[in-house]
Amino acid sequence: MKEPGWENAELARRAAEAQCRQGFEAFPAHVAVLDENGAIMLVNRAWTAFAAANGAGVRGLAVGANYLDVCRVASRDDRTAREALEGLEAVLAGARPRFEMEYPCDSPTERRWFLMNVDALDPKLPVGAIVSHQDISGRKQAELALGASERRYRAVFDGAAVGMAEIAGDGHWLRANAAMLRIAGRSAEDLLSKTMRDITHEDDIDADAAYLEILQAGGADCRTMEKRLIRPDGSLVWTETALSRLSGEDGSAVGFIAVVSDISERKRAEERQATLMRELAHRGKNLLAVVQSVAQRSLADDGRSLPEARAAFLGRLQALAATYGALTDEGFGGAQLDAVLNGALAAFAARAEVEGPNFVLTVKAAQTFGLIAHELATNAAKYGALTRAEGGVRVTWEIRETDAGARLVFDWRERGGPVCAPPGRTGFGATILSRIAAAEFDCLPELTYAPEGFHYRFEAACDRIGMVAPISPVRRALKSEIIRSFFDQWARLRGPHGELPQLAHFDWGKFAATGALTLASILPDGEPRFAAIGRVAACEPEDEDLARACRLCAERAEPRHDFSRVQPGDGDPLGVERLLLPFSAIGGKTTHVVGLCLDEARWRLSGLAKSG
């Protein structure tokens, strides 16, 4: 006999089971209930539909089938399936209450990932388990895309040639790539312990703070500024820094991304250019005054015809132009005495002997000396030794040490010309050689009209006219004027104790178009890595020979010069002159070698070779 209320309780139970069943069937995850042996006791619609859609067969994964057997078959050739089987067996055996893993399960048309959960029916007893498989492809693809994006960002961040850094909202450095550390001259630990303000030059702090305030207030998303950073050794580096604002969910600035470029070389070039422009403006005004004086004296009524006066004036202008060309080549740091003389005597190079120590004229002295050399050469060609084929000129100078200091003794002697006699009248040329030279050099020039030839001499204090520049054996052996100019610029940049010049200070623009200009970076193992930055010579020595020469130049920190004969093909042997110069970027050690290689045909065709 049934107890009272039994039917109502039974109805309630069945209703609850129906609700549970409906909820179970509605789960989007694929769910199955297993007994303690792994047999499937219950599955939901999603489980059955997935099994059918993926070719597993309804019977193989339906109620009554053993899920452990299915997993064992799959685990034979699949490491992921073996891992799932081991976890499932551990839960069914009561060794663990729960197991979870993510695994890929691609369909023929797309990549998919699932999350497998195995939960014991009773954590204390091995009575079965609930197995669920949830499709997490959307989340997994988002995670993989995020990871790929992060890897790309890290590759760009870490490998960028420019400095890159993450900066907190309060200005602290959070992360910096290798290029940023090189620019700042700091280790990662040192930089990350600082704020932007800590390493910014005091004159740039206010402007830097203003930029940050604009970004933090949302007035702009990105700002670019030029400022100086202070390195630990106190040296400064000019940078162009682009700051981009990073916004939080509420729109406030939570940090910044900085892209930093070292523009020190550009700033130095701008400073050199500004200095040169100021020098040019000053020298231009001075030159105009000189031209005016030369014009007045050359065109004065001294008995000469107008064509004669015009020719004299143009010749003196050309001499001034040649002198200014020499000064410009040297960045208005002075002019080589031999260069001024060789320019004046270029048309008579075979009959002119020019000999003396390496002497650099001051800018003002070079201007006057250019006119003196022009007058001497012109007079010799019109009236003196150079009017005859057998005639010649010998020009020498020496440094004489006296109690009052070093003095330059200049001597011009003509030979083999017609009998020399004093001119019938004194023109502006004679004024240049005597009165102007005396006033400019504070000396007493001697003009001797000896029968055997004209002789011109003066003795002036070196500190009035210029200075001796010691010449090295390498410099003496150079054949090409271009190569000599290349060496001279390097020599002028050396430190007071022979320190190697800084690579950034060297202006190689005028050399890049003249020959094969090559830059070699010296790697830590001493090997050179080349980057050709100029035009290629007609014929150049072998690469291995160049690499060996660069290694020696770097090891000894000294210039290396060689002149060789090579066979270009079907022509005559061709001479090739090459000069390698060591440079330093950091610490005084040779970090770069710059080489200029010039073929003989080019420099002889240009008239830029030493005679003899």
Side-chain angles (χ1 to χ4, degrees), residues 153 156-248 251-279 493 495 499 501-507 583-588 591:
Y153 170 74
V156 171
F157 185 94
D158 294 336
V162 295
M164 295 189 69
E166 294 178 12
I167 300 171
D170 62 359
H172 269 91
W173 298 87
L174 299 177
R175 180 182 176 191
N177 68 353
M180 182 68 240
L181 297 177
R182 286 196 302 271
I183 291 172
R186 298 173 183 271
S187 65
E189 294 76 14
D190 181 25
L191 184 64
L192 301 188
S193 68
K194 302 285 193 297
T195 66
M196 289 180 64
R197 182 186 182 94
D198 292 336
I199 67 170
T200 299
H201 189 271
E202 59 181 6
D203 292 343
D204 299 329
I205 285 178
D206 291 341
D208 195 31
Y211 280 115
L212 283 177
E213 288 178 7
I214 292 172
L215 293 172
Q216 288 171 334
D221 291 327
C222 181
R223 298 288 288 184
T224 300
M225 70 197 84
E226 292 184 359
K227 68 174 190 175
R228 288 157 289 183
L229 300 182
I230 305 173
R231 287 174 169 162
D233 61 2
S235 62
L236 300 178
V237 55
W238 269 102
T239 67
E240 183 177 76
T241 301
L243 279 181
S244 298
R245 183 177 188 266
L246 297 177
S247 301
S252 62
V254 296
F256 308 94
I257 294 293
V259 179
V260 182
S261 300
D262 184 345
I263 60 170
S264 299
E265 184 173 351
R266 191 190 83 194
K267 282 292 185 180
R268 284 190 289 267
E270 290 174 355
E271 184 178 349
R272 289 196 299 270
Q273 184 179 26
T275 301
L276 182 59
M277 292 304 294
R278 289 192 296 270
E279 182 69 23
L493 291 174
E499 299 92 341
Q502 294 290 301
L503 183 67
H505 297 169
F506 190 74
D507 178 16
F583 287 85
S584 175
I586 50 174
T591 57

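It should be emphasised that the depicted structure is a prediction, and the values quoted were computed from it without experimental measurement.
A search for side chain to side chain donor-acceptor pair (under 3.5 Å) contacts involving D233 returns S235, not counting sequence neighbours. For R266, the side-chain contact (heavy atoms from CB on, under 4.5 Å) criterion is met by E226, E240, I263, E270, not counting sequence neighbours. Scanning for salt bridge (Lys or Arg N to Asp or Glu O under 4.0 Å) contacts around D262 gives an empty result, with sequence neighbours left out. Evaluation of the side chain to side chain donor-acceptor pair (under 3.5 Å) rule for R231 yields no partner, not counting sequence neighbours. Contacts of R223 classified as salt bridge (Lys or Arg N to Asp or Glu O under 4.0 Å), with partners at least two apart in sequence or in another chain: none. Residues that satisfy the side chain to side chain donor-acceptor pair (under 3.5 Å) test with S247, not counting sequence neighbours, are R245. Every residue two or more places apart in sequence or in another chain was checked for a side chain to side chain donor-acceptor pair (under 3.5 Å) with H201, and none qualifies. For L246, the side-chain contact (heavy atoms from CB on, under 4.5 Å) partners two or more places apart in sequence, or in a different chain, are V254, I257. Among residues two or more places apart in sequence or in another chain, the salt bridge (Lys or Arg N to Asp or Glu O under 4.0 Å) test is passed with D170 by none.
Two residues are said to be in side-chain contact when any heavy atoms from C-beta on lie closer than 4.5 Å; P232 and D190 meet this criterion. You'll find the side chain of E499 stays beyond 4.5 Å of the side chain of S584, heavy atoms only. Annotation: side chain of L181 is in contact with side chain of L191 (closest heavy-atom distance under 4.5 Å).
Interatomic distance, CG of L493 versus CZ of F583, reported as 7.0 Å (0.5 Å rounding). The CH2 atom of W173 sits 4.5 Å away from atom CD1 of I167, with the distance rounded to the nearest 0.5 Å. Note that CD1 of I230 and CD1 of I199 are 8.5 Å apart. Values are rounded to the nearest 0.5 Å. Separating the CZ atom in R182 from the CG atom in N177 is a distance of 7.5 Å, to the nearest 0.5 Å.
Scanning both residues, S244 and C222, for their nearest heavy atoms gives OG-SG, 3.7 Å. Here the shortest heavy-atom pairing between T241 and A258 reads CG2-CB, 4.4 Å. Heavy atoms only, all atoms of each residue included: G163 and I183 are closest at N-CD1, 3.9 Å.
Sorted by first and then second residue, the pairs that involve residues 198-211 and meet salt bridge (Lys or Arg N to Asp or Glu O under 4.0 Å), not counting sequence neighbours, are D204-R228, D208-K227.
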**OP:** Tell me, with the steps shown, if R186 and K194 meet side-chain contact (heavy atoms from CB on, under 4.5 Å).
**Re:** CA-CA 11 Å; R186 298 173 183 271; K194 302 285 193 297; 4.1 Å; yes
Original post:
Can you list the steps and then say if T224 with V259 is a side-chain contact (heavy atoms from CB on, under 4.5 Å)?
Top reply: CA-CA 9 Å; T224 300; V259 179; over 6 Å; no
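A donor-acceptor pair under 3.5 Å is absent between the side-chain atoms of T239 and the main chain of V260, judged by distance alone.
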